[in-house]
J.: 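Dumping the structure here so I can ask a few things about it.
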Amino acid sequence: MSKTRPCPTKTLLRTVARSPAPVAAATTSEFNDLLRGLSRRSQFSDSLLLFRSILRLGVPPDAFSFPFPIKACASLGLPVNGSLLHCRAVKAGCIHEPFVLTALISMYARCGLVNVARKVFDDIPEEMATAVCYNAMISGYGLDENVVEAADMFNRMRQSGVKVGSVTILGLIPACSLNEHFTLGVSLHGLVFGLGFDGDSTVENCLLSMYGKCGTVESARRLFDAMNVKGLITWNAMISAYAQHGYAGQVLELYEEMKLHNICPDAITFVGVLSSCAHVGDYKLGCDVEKQIEMRKLGDNPFLSNALINMHMRCGKLAKARAVFDAMAEKTVISWTAIINGYGIHGYGRIAAELFDEMITEGIRPDGTAFVSVLSACSHAGLTQKGLDYFNEMEKRYNLHPGTEHYSCVIDLFGRAGQLEKALSIIRSMPVKPDGAVWGALLGACRIHRNVELAELAFKHVSELEPENVGYYVLLSSIYDDARDMDGVIKVRKMMRERKLRKEPGCSYVQCNGRTHLFLAGDVNHRQNDEIYSKLAELENTVKEMDGSGDSHRKCNSRGSLLGVSVHSEKLAVSFAILNTKPGEEITVMKNLRVCEDCHLFMKLITRAVDRRFTVRDATRFHHFRDGICSCQDYW
DNA sequence: CTAGGGTTAG
């Protein structure tokens, strides 16, 4: 919640806007001081407002006035307003001042118009091009991830004898942050060393984040360990590097460690930590972080709100996620995507679709990721037509070119609806090369609709694209199994043996009495083994009686949810939890499959029969934690 | 001119 506290500049601005007379006598330099103050406090829209008032009042802006509103345009992403300021600066004869020029270069570059920035740069006479001008231009190419031009500019700078500073390097580094530029990044690191900028903490922090983005977390970690001075930003850069690659365990470890080093976490630390809580389902720590956010009055930070929505959603606390979302003053596409995705995860396709429509009504333009979320929400909830409508609008209305991630959702939509031939013809006519996920979606549909012939075709492609992905072999094997084709099953097994692939057993987690317990499919090693299995038999009978039609059973099975053989581990986990809780208590089930509406029905049945409250939590990426864990042990 | 940040199917 953003608080409305009286803001002196706002009051002044209002005075300026309403009655020009009393302040008309103000001088240019008085206004410049005011502009500087606003700029320092990052009050960019106010800065623009004030500048407009200055013009209206007829006070002539000078070279010291222009950089502030130009910077404001850069921060707000308003290149059109920026270029208007550019024109005004030209008219006012302020264009030859180096700080106006650098502000303009940086503004155009930050708004994605590097070429315009370059034009401004090229008009600067050689002898007037200061280090700051070069730095601005290099940083512009850096943001554009244009290594060639950035390096070219850097060389030109060195040849012209202008002093290269650490800021120059800081601008250069992002140019190598693209995945394929990893080796360039390494050589840049070498250059930094050669120029003697190693040991400069700003440069090292920047290199660290570069490794996080384009290299491996290991290379980032090596640099981290080698750094003598580790400040808050260093810890944050390392935490973010881990968080971005899903190394949630390392994030939480580092978070504890930094506190031991008396480094006080800030909003950026919390973003990384919350994202890892969401990955791993650590709701307790997530809530702890939320409390700290409240205590430190960081609640109006949009980055944190987005991370909180995601955390609550993945932990199954839909209402809490919704509350955070509703309280946000300004919702970006990312906020909407987080909430839409959350409802999608939990099978509420209709709500997800409604929210998507609402987002558009609010004037927010969806991006590719938002479409992925709504499309997958539709396909999981069986809203075939709705999903297809969204897909068609993507290109028509928003000029977004669907990628493989969107096509795999569409294949899923048609596939679940039983239109397998249609799905195949779409794959054949896709403008982008289908990847494993696309063929995999078709393979999954073949499983539901028992189409062996098409499954073999889909598998042929998918096994070429992702030969190591065990999931697809298992899928094909169960398709043969369903068709009672034992030769097929044997064929797949042989293939897996030859390629040295082994299916890891499916696993499920359940939280009760504050501990997390892990179960593997077919597990017989638990100390309460007999009790668990008799409870399980009892449970299955209860559900069968309550849902006489067997309808939800069949549907759930086809989507691999609680009643299926393949999710044996979940049944064990639920049985165990019921044994070890009292009526009325809360049990958290962690699913690493998407939850469908039929599962909610099943949960309702179970809930009534056993008098427990279930929270279903997404644990799609929980497997990071699985390595080296024995079966049936208390997890933590 | 300038180091760290949120969302993404299967």
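Bear in mind that the values here come from a model prediction, so they are computed numbers and not experimental data. Per chain, numbering begins at 1; letters A, B, ... match sequence-line order.
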J.: Nearest whole Å is fine: how far is B:dT2 P from A:D200 CG?
T.: 15 Å
J.: A:V271 has a side chain; which of B:dG5, B:dA9, B:dA3 sits nearest to it?
T.: B:dG5
J.: Of the nucleotides B:dA3, B:dT7, B:dG5, which has the atom closest to the A:S240 side chain?
T.: B:dG5
J.: Considering non-hydrogen atoms only, spot the tightest contact between A:I169 and A:V164 and give its length.
T.: CD1-CG1, 4.3 Å
J.: As a test of reading the structure: which of B:dT2, B:dG4, B:dG6 is closest to the side chain of A:R110, going by heavy atoms?
T.: B:dT2
J.: Could you state the CE-C1' distance from A:M430 to B:dA9, rounded to the nearest angstrom?
T.: 13 Å
J.: Could you check whether A:K331 gets within reach of a base, just the sugar-phosphate, or nothing at all, counting any heavy atom under 4.0 Å?
T.: nothing
J.: Please list, chain by chain and in numerical order, all residues satisfying side-chain hydrogen bond (donor to acceptor under 3.5 Å, both in side chains) with A:T234, sequence neighbours excluded.
T.: A:N205
J.: With respect to the phosphate group of B:dT8, does any side-chain polar atom (N or O) of A:S373 fall under 4.0 Å of OP1 or OP2?
T.: no
J.: If you only use heavy atoms from C-beta on, which nucleotide in B:dT7, B:dA9, B:dC1 is closest to the side chain of A:N135?
T.: B:dC1
J.: Contact class for A:T369 vs. all strands (heavy atom < 4.0 Å): base, sugar-phosphate, or nothing?
T.: base
J.: Counting heavy atoms from C-beta on, name the nucleotide in B:dG5, B:dC1, B:dG4 closest to the side chain of A:F303.
T.: B:dG5
J.: Whole angstroms only, please: what is the CE-P distance between A:M238 and B:dG4?
T.: 14 Å
J.: Assess whether a salt bridge exists between A:D122 and A:R118, defined as any Lys/Arg side-chain N lying under 4.0 Å from an Asp/Glu carboxylate O.
T.: yes
J.: Taking any heavy-atom pair under 4.0 Å as a contact, classify A:D367: base, sugar-phosphate, or nothing.
T.: nothing
J.: Expressed in angstrom and rounded to an integer, what is the separation of A:Y255 atom OH from B:dG4 atom C1'?
T.: 16 Å
J.: At under 4.0 Å between heavy atoms, what does A:S408 touch on the DNA or RNA strands: base, sugar-phosphate, or nothing?
T.: base
J.: What does A:L232 touch in the nucleic acid at a heavy-atom separation under 4.0 angstrom: a base, only the sugar-phosphate, or nothing?
T.: base
J.: Within less than 4.0 Å of OP1 or OP2 of B:dT8, is there a side-chain N or O belonging to A:N341?
T.: yes
J.: Starting the side chain at C-beta, find the nucleotide from B:dA3, B:dC1, B:dG6 nearest to A:V167.
T.: B:dC1
J.: From the set B:dA3, B:dG5, B:dC1, return the single nucleotide nearest to any side-chain atom of A:K213.
T.: B:dG5
J.: Would you call the rings of A:W336 and A:F325 parallel, tilted or perpendicular if under 30° counts as parallel and over 60° as perpendicular?
T.: perpendicular
J.: Looking for any heavy atom pair under 4.0 Å, which part of the strands does A:E204 touch: base, sugar-phosphate only, or nothing?
T.: nothing
J.: Nearest whole angstrom, please: distance from the P of B:dT7 to the CD1 of A:I340.
T.: 15 Å
J.: My understanding is that only residues two or more places apart in sequence, or in another chain, count here; which of them pass side-chain hydrogen bond (donor to acceptor under 3.5 Å, both in side chains) with A:T332?
T.: A:S335
J.: Check the phosphate of B:dG4 against A:N205, side-chain N and O only, distance under 4.0 Å to OP1 or OP2. Yes or no?
T.: no
J.: Could you tell me whether A:A437 contacts a base, only the sugar-phosphate backbone, or nothing, with contacts defined as non-hydrogen atoms closer than 4.0 Å?
T.: base
J.: Can you check the A:Y242 OH to B:dG4 C1' distance for me, whole Å?
T.: 16 Å
J.: Under 4.0 Å, counting only non-hydrogen atoms across every strand here, what does A:N301 touch: a base, just sugar-phosphate, or nothing?
T.: base
J.: Using whole Å, report how far CE of A:M107 lies from C1' of B:dT2.
T.: 19 Å
J.: Does the B:dG5 base have a donor-acceptor partner in the side chain of A:N236 within less than 3.5 Å?
T.: no
J.: Remember a base hit wins even if backbone is also touched, and classify A:T332 as base, sugar-phosphate or nothing at under 4.0 Å, heavy atoms.
T.: base
J.: Phosphate oxygens OP1/OP2 of B:dT7: is one of them under 4.0 Å from a side-chain N or O of A:S275?
T.: yes
J.: Do A:E290 and A:H312 have a side chain donor and acceptor closer than 3.5 Å?
T.: yes
J.: From CD of A:E330 over to C1' of B:dG6, roughly how many Å is that when rounded to an integer?
T.: 15 Å
J.: Does a donor on one side chain sit under 3.5 Å from an acceptor on the other, for A:N469 and A:E466?
T.: yes
J.: Just to confirm, is there a sub-4.0 Å distance from OP1 or OP2 of B:dG6 to any side-chain nitrogen or oxygen of A:R314?
T.: no
